[in-house]
Amino acid sequence: MRKILVPIKRVIDYAQKIRVDSSKGPQGVQLKNVKMSMNPFCEIAVEEAIQLKEKNKGAEVVAISVGPKQCTETIRTALAMGADRGIHIETKPDVRGDYVDLQPWAIASLLKGVVEKEDAVDLVLLGKQSIDSDCGQTGPLLAGLLNAPQATFAANIERGDDGSFTVERETDTESVLISLSNNKSAPSFTWQNSTTTLGTETIKLNACGKPAVITCDLRLNTPRYPTMPNIMKAKKKPVNTISLEDMVKELGLDLDEVLTPQNEVVEVYEPPPRKEGETVGSIDELLGKLKEKGLVA
Amino acid sequence: MRLSLARRFHSKLGAPAAATRAAIASSNYSTLPSHNRGTTTPAQHHSSNLSSLLSSRKYTTYSQLPSEHQMVYEMCRKFAEEELMPNAGKWDQKHEFPTDAVDKLAELGLMGINCSSDHNGSELDALSYAIAMEEISRGCASVGVIMSAHNSLYLYPIDAFGSDDLKERYITPYTGHERDENGRLNIGCFGLSEPGNGSDAGAASTTAKDDGDEWIINGTKAWITNAHEASAAIVFATTDKSLKHKGISAFVVPMNAPGFSLGAKEDKLGIRASSTSNLIMENVRIPKSNLIGQPGEGFKIAMQTLDGGRIGVAGQALGIASASIDCAVKYALERNAFGKPIAQLQSIQNKISQMTVARDSARLLTWRAAQMKDNGEKYTREAAMAKLAASEAATMCAHQAIQILGGMGYVTEMPAERYYRDARITEIYEGTSEVQHLVIAGDVLKEYKQLY
């Protein structure tokens with residue numbers, strides 16, 4: 001196994017209460033003095049990458065982030081968890097200061113360029129979605145752009161000796177054990193009916209010369225605490241910082257196209273405050289009310 | 001003009017007094033010791049060397065900390081919130097040593113935090129240690145004392161004064177990454193206090209007799225933290241009674257040596273998850289090479305060790321204070337009285353403010369002492385001030401937290417009562433508050449005397 005690329009995103013910390021900031025326009029969220037940290041699903045992706053690196057000696061884990069200069073701290077956390085080096089595509093404070101500006105299409109285009117530039121990338125591990133925009137698009141878009149095999153919502157990843165990845169995915173329905181093969185000459189997917197397992201499905205991504213793209217879900221692993229010695233070592237690991245403009249030029253992309261949002265956020269609003277409940281006198285009354293609201297047949 | 005004024009006014013008091021007053025009146029304020037001590041800013045440094053400017057920079061707030069210290073803070077805080085806080089009450093109630101949590105602490109590198117990587121240590125500085133101690137103790141004060149006794153009191157003296165051979169035998173296996181034959185972590189303890197002397201450390205009655213290629217240790221040590229989990233102890237014993245405190249030496253004693261036994265576990269008011277008992281040594285034989293440093297150096301080793309230990313204890317006290325403040329403020333925001341949350345009442349606000357000021361000022365003193373230690377400056381006074389301020393802040397904050405919680409603060413359902421019990425010891429061990437006053441005043445007086 002050679003390189004594992006892990007794109008990570010710096011977002012508002014999951015434990016923070018989000019406040020809508022209408023002064024920033026219809027889609028503003030208050031970001032001043034708000035604690036930021038690594039997206040939890042990205043942490044899971046970093047942890048998985050390090051576990052795979054520990055099982056496959058010689059693999060290199062590269063963490064990459066797109067954002068303002070504080071993203072280097074997020075990258076350092078990934079390094080302290082065990083990643084080997086970092087790439088920081090630095091945006092000016094007004095871009096990616098607010099997540100709506102750079103969207104999945106732009107990120108996926110940049111990542112495609114990085115994957116091709118890095119060469120020898122066997123696997124790209126991403127979080128299934130970020131907790132600020134919740135788009136969940138970057139992974140699938142990247143796989144599409146690279147014409148690479150992908151599996152999303154991974155709950156378990158096993159690497160075969162032939163370089164293939166068998167991924168158990170979270171699904172909402174009863175599932176079937178499937179074997180998919182992405183054959184270079186004839187991209188076809190063969191489905192085999194075997195055992196049924198509730199809520200998951202298993203896919204095998206065959207080694208085909210392209211990196212496998214896998215997005216990680218909650219049950220995949222529990223991210224480790226960075227140990228003290230690793231925090232010290234993280235200081236010495238290299239982080240390559242390059243401005244967004246320079247990277248776009250290097251990859252031969254169009255800066256305007258990258259910066260233009262594909263989606264427009266129309267409005268951001270807080271959910272309505274929880275209304276007071278009603279006290280009812282008896283079980284019959286309760287059933288009556290539930291039927292009235294159409295919650296019970 | 002100032003000089004003559006002083007002389008006229010005080011001439012009745014006699015020559016020496018007048019001369020002193022005159023001297024003070026005439027002196028330029030900036031040469032008075034207190035203005036120079038520990039307060040040099042980069043602006044006062046006339047060095048144009050960037051690295052020396054950077055090395056003298058003082059961090060006073062979390063946002064100023066370099067990224068590695070911030071990572072230490074984040075990691076310890078997260079660990080404390082997830083692994084320690086939910087279990088601390090149970091461990092306290094059962095007087096249960098938190099073996100799993102301490103194992104995890106060791107895996108994270110917190111049981112060898114200042115040791116060099118040559119001995120599998122984490123090579124972090126004193127400021128990181130102070131930050132780590134505060135966050136861990138905020139989760140569980142007992143885990144805090146287990147960690148501080150092991151790091152500052154056991155590992156430090158061997159690291160600072162021991163031979164390379166001693167370090168190989170007693171530091172490398174003890175930095176948290178090795179296990180003994182029973183799969184347990186190697187933990188150390190520090191034996192200075194005796195039933196007959198605590199603050200009076202120079203009056204050690206434990207003896208060490210020279211017997212060819214061994215020392216024979218006889219005596220009892222009291223109030224030893226980690227006694228029941230440790231496998232090695234730093235023991236201070238008299239090698240030459242005639243030299244009084246200059247006749248005390250420091251030794252590393254393996255606790256499985258024949259003649260070594262433990263007293264019963266003390267039933268304490270607080271930090272109940274950590275074990276405290278006597279160490280009883282009856283003709284315990286240790287190799288000559290187990291002497292730390294030189295014979296007669298023991299008292300100096302003990303004092304220097306306690307200086308660093310005070311930063312750790314200050315960190316622990318800050319953690320208890322912070323936990324008390326968190327508990328009290330959260331409660332005040334939710335509890336309603338007289339039609340609104342009690343946080344809106346002035347009495348409560350006064351308490352919250354007093355608690356925060358006490359905790360924050362103690363934290364600044366602690367960070368100052370830690371940074372002076374890291375810069376290689378003499379920090380005895382500053383460490384004593386930090387420990388004094390932080391321990392008094394802890395007892396005050398815990399006391400007021402119970403007051404803010406009212407009846408709720410008195411019952412075990414809320415952690416306030418445990419913080420109150422845990423805080424109390426910080427004013428006693430590693431030098432009582434009274435001893436800290438003496439250390440501080442002694443140092444201040446010495447400095448003024450040198451000028452006059």
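These numbers come from the heavy atoms of this one structure, side chains and all, not from hydrogens, waters or symmetry mates. A, B, ... follow the sequence lines: proteins, then strands. Residue 1 opens every chain.
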Could you check, using the six-membered ring where one of them is a Trp, whether B:Phe79 and A:Tyr225 have ring centers closer than 6.0 angstrom? yes
Take A:Ile242 and A:Glu250 through the side-chain contact (heavy atoms from CB on, under 4.5 Å) test and state the conclusion after the steps. CA-CA 10 Å; A:Ile242 177 168; A:Glu250 210 175 297; 3.4 Å; yes
Among the listed options B:Ser122, B:Gly109, B:Ser63, B:Ser117, the residue most often paired with chain A at heavy-atom distances under 4.5 Å: B:Ser122
Return yes if some donor-acceptor pair links the side-chain N/O of B:Asn114 with the main-chain N/O of B:Leu124 below 3.5 Å, else return no. yes
If I measure from the heavy atoms of chain A, does B:Glu74 come under 4.5 Å with its side chain, its backbone, both, or neither? side chain
Which residue out of A:Arg224, A:Arg76, A:Glu73, A:Lys233 racks up the most heavy-atom pairs below 4.5 Å with chain B? A:Arg76
Distance-only polar pair, side chains of B:His69 and B:Asp125, donor-acceptor under 3.5 Å: yes
